[in-house]
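Here the structure comes first, spelled out in structure tokens, and everything after it is commentary.
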Amino acid sequence: MLAGTMAVNLGSGIVSEAMQATISAVDATASRWDAIVIGAGLAGSIAARGLALAGQRVLLIEKNHFPRDKVCGACLNGDALAGLAAVGLLGEVKKLGGHALNRYRLQVGARHLQVPLDAGHAVSRRALDGLLVRAAITAGVQYLSPAQAAVADVDPGDRNRVVRLIGTDYCLHASVVVVAAGLVGQQRIDDASCQTVAANDSRIGLGMHAARYPAFYQPGTIYMAVSSGGYVGLTCTEGGILNIAAAVDRDLLKQHSGAETLALILQSAGMPADASMFDHPCRGTAPLTRRRQMLASHRLFFIGDAAGYVEPFTGEGMAWAVRGARAVIPFALAAIDDWNPNQPLIWTQTCQQIIGRHQWLCRGFAGLLRRPQLCSVAIRAAMTMPMFGRAIVRKLNQVTHHEVLDHRPGHRIAV
Ligand SMILES: Cc1cc2nc3c(=O)[nH]c(=O)nc-3n(C[C@H](O)[C@H](O)[C@H](O)COP(=O)(O)OP(=O)(O)OC[C@H]3O[C@@H](n4cnc5c(N)ncnc54)[C@H](O)[C@@H]3O)c2cc1C
């Protein structure tokens, strides 16, 4: 066990290590940081670690006590695994346990489609995110938690970006700030082009885990149940826990509790839903689909879900978070050396190239999943042409390369 952690049983069969801060708020205010990263999810921890490995003084701020649960399907796709391998962490991730994913099963009413998966791994976010924070700390990152951060207004001539700790008088200074605060932690900053806009019809995310569930749900498969009110994804993670995550219509949630909503969707898609599956707390998210016009501002970059998000399908969000975290490193290093006012535009365009192109396919699927009858027709078509379904899943898992993703310590690319 690492120094600064202690084992805790979380009452669900999962044993995790409680994460301790490595620095106090008072001590953090005494330094001028090269980089402050807000949010210790996948994107924040990987970016903070990458910057520390490049020799920078980095502070990672997280508002929640870790380990924490997070609404997520817990499925790392092929691209996410390739990203974790590229930053040298895939071996550690596999050691967490979890299950290799080899099958995707989509069910709508009486119809179901099974597609083999070439790559994928299911592991709880509690374990995964804890590992990534520990890896960041090992690389030299200072970790301040629990602490909620907000980016302060800025004078564009400033050589600093200031971060306030909410509920305190503390202000922290850094050459560059990376916002990786996820969906719920959308930062309001004084740059209108960076404000987020949520889609009017955006669904809400729901998540829970089950220690007891029907034998139907087997390790290695992603189960997806689709109904008119939303869709639910289920997969087995380490310790025999079933992870349940969903994107559901807001109207359905006005009439039913979260657990009832999950059960209704599973039942109407013809999938088993015992009452025993739903005796853990159900968590919700902010509206899922949202975008920012610009993904950076003066000495500040948005990455991961904080940069925008579309509804989940087979596990793309974590791949995009890893991509953003790797790609932001050369940008942040250049900004620490010397701020170039063109950087916000270049970063926004880079994100379009490395992530935006992947998101259009997910938007298409999110649209299809909102129309169960059309979905059912698509399943029938895919059953008669199995290559069709496989080609789509392969496309979603596709690993694409880009120079900005392969930053090496000591090598600065022009941005
Ligand atoms: C229902 C659902 C199912 C999904 N299924 C999958 C899946 O199977 N596979 C997949 O790849 N993706 C999936 N995703 C998407 C995936 O969960 C996200 O894309 C991914 O977690 C993004 O990582 P992140 O680091 O940007 O944000 P997060 O993981 O949300 O991390 C953000 C962190 O910032 C912290 N924070 C927020 N505000 C502040 C603040 N002000 N100060 C300090 N800290 C702050 C939060 O506490 C949190 O720890 C799913 C999402 C949903 C909603």
Side-chain angles (χ1 to χ4, degrees), residues 19 36-48 59-81 83-84 101 104 120-126 128-130 132-133 143-151 163-167 177-188 202-208 222 224 230-235 237 243-248 262 282-289 302-325 355 358-359 362 396-397:
M19 197 81 55
I36 292 179
V37 180
I38 302 177
L42 236 81
S45 294
I46 292 175
L59 179 68
L60 175 62
I61 307 178
E62 168 57 47
K63 73 172 180 186
N64 283 315
H65 259 303
F66 268 40
R68 55 102 174 90
D69 286 316
K70 148 96 184 75
V71 177
C72 183
C75 299
L76 291 157
N77 71 4
D79 189 39
L81 295 176
L84 289 166
L101 293 168
Y104 180 82
H121 195 81
V123 63
S124 73
R125 288 298 298 270
R126 175 177 284 277
L128 177 63
D129 292 19
L132 297 177
V133 173
Y143 181 58
L144 177 59
S145 175
Q148 190 169 359
V151 181
V163 168
R164 290 183 294 105
L165 294 186
I166 294 175
V177 172
V178 177
V179 177
L183 270 182
V184 283
Q186 302 292 331
Q187 299 273 331
R188 294 231 158 267
S202 177
R203 285 178 158 161
I204 302 283
L206 287 181
M208 66 192 307
I222 304 175
M224 181 78 94
Y231 47 96
V232 182
L234 308 95
T235 199
T237 59
N243 188 88
I244 308 171
V248 304
L262 295 172
C282 185
R283 296 173 306 282
T285 69
L288 293 172
T289 301
F302 291 98
I303 60 170
D305 281 4
Y309 189 58
V310 296
E311 279 176 24
F313 183 60
T314 57
E316 297 77 23
M318 289 193 276
W320 299 334
V322 177
R323 277 179 173 263
I355 297 166
H358 293 244
Q359 291 185 335
C362 284
L396 284 164
N397 271 282

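Counting starts at 1 for both ligands and their atoms, following the listed order.
- Judged by distance alone, with hydrogens and angles left aside, the side-chain atoms of S145 form a donor-acceptor pair with the main-chain N or O of E62 at under 3.5 Å.
- The I61 neighbourhood of ligand 1 comprises atoms 43 (C), 44 (N), with distances under 4.0 Å to a heavy atom of that residue.
- Every atom of ligand 1 is numbered from 1 in the order shown, and the set under 4.0 Å from a heavy atom of K70 is 17 (O), 21 (O), 28 (P), 29 (O), 30 (O).
- With sequence neighbours excluded, the residues satisfying side-chain contact (heavy atoms from CB on, under 4.5 Å) with V133 are M19, A40, S45, F66, I137, Y143.
- Residues V163 and I36 form a side-chain contact, since some pair of their non-hydrogen atoms from C-beta on lies under 4.5 Å apart.
- Residue A246 has no nitrogen or oxygen atom sitting less than 3.5 Å from a nitrogen or oxygen atom of ligand 1, judged on distance alone.
- Residue contact check: R68 has heavy atoms under 4.0 Å from atoms 29 (O), 31 (O), 48 (C), 49 (O) of ligand 1.
- In the vicinity of G304, heavy-atom distances shorter than 4.0 Å reach the ligand 1 atoms 26 (O).
- Close contacts of ligand 1 with G73, meaning ligand atoms under 4.0 Å from a residue heavy atom, involve 3 (C), 4 (C), 5 (N), 6 (C), 7 (C), 8 (O).
- At least one heavy atom of A149 lies less than 4.0 angstrom from ligand 1.
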Could you go through the side-chain contact (heavy atoms from CB on, under 4.5 Å) check for R203 and V248 one step at a time? CA-CA 5 Å; R203 285 178 158 161; V248 304; 5.8 Å; no
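- Under the 4.0 angstrom criterion for non-hydrogen atoms, A74 is in contact with ligand 1.
- The closest side-chain heavy-atom distance from L262 to M208 is below 4.5 Å.
- With hydrogens and angles ignored, the 3.5 Å screen pairs no side-chain donor or acceptor of T235 with any backbone N or O of C75.
- Atoms CG and OG, from D69 and S124 in turn, are 7.5 Å apart once rounded to the nearest 0.5 Å.
- Considering only heavy atoms from C-beta on, H121 comes within 4.5 Å of L81 through its side chain.
- The closest side-chain heavy-atom distance from L144 to L59 is below 4.5 Å.
- Those atoms of ligand 1 that come under 4.0 Å of a heavy atom in G39, given as number and element, are 33 (C), 34 (O), 35 (C), 44 (N).
- Comparing heavy-atom distances from atom 20 (C) of ligand 1 across R125, E62, H65 singles out R125 as nearest.
- Residues N77 and L101 are not in side-chain contact: their nearest non-hydrogen atoms beyond the backbone lie 4.5 Å or more apart.
- Of all atoms in ligand 1, numbered sequentially from 1 with element shown, those under 4.0 Å from a heavy atom of I38 are 40 (C), 42 (N), 43 (C).
- Residue A43 holds the heavy atom nearest to atom 25 (O) of ligand 1 of all those in A47, G207, A43, C75.
- Looking at A80 against ligand 1, nothing comes within 4.0 Å, counting heavy atoms.
- Of the N or O atoms in L183, none lie within a sub-3.5 Å distance of an N or O in ligand 1.
- Neither the backbone nor the side chain of A150 has a heavy atom within less than 4.0 Å of ligand 1.
- Listed by number with element, the atoms of ligand 1 under 4.0 angstrom from any heavy atom of A181 are 32 (C), 34 (O), 36 (N), 37 (C), 38 (N), 39 (C).
- With sequence neighbours excluded, the residues satisfying side chain to side chain donor-acceptor pair (under 3.5 Å) with D129 are R68, R125.
- At a 4.0 Å cut-off, at least one heavy atom of A147 sits close enough to ligand 1 to count as contact.
- Nearest residue to atom 32 (C) of ligand 1 from G317, G233, A122, A180 is A180 (criterion: closest heavy atom).
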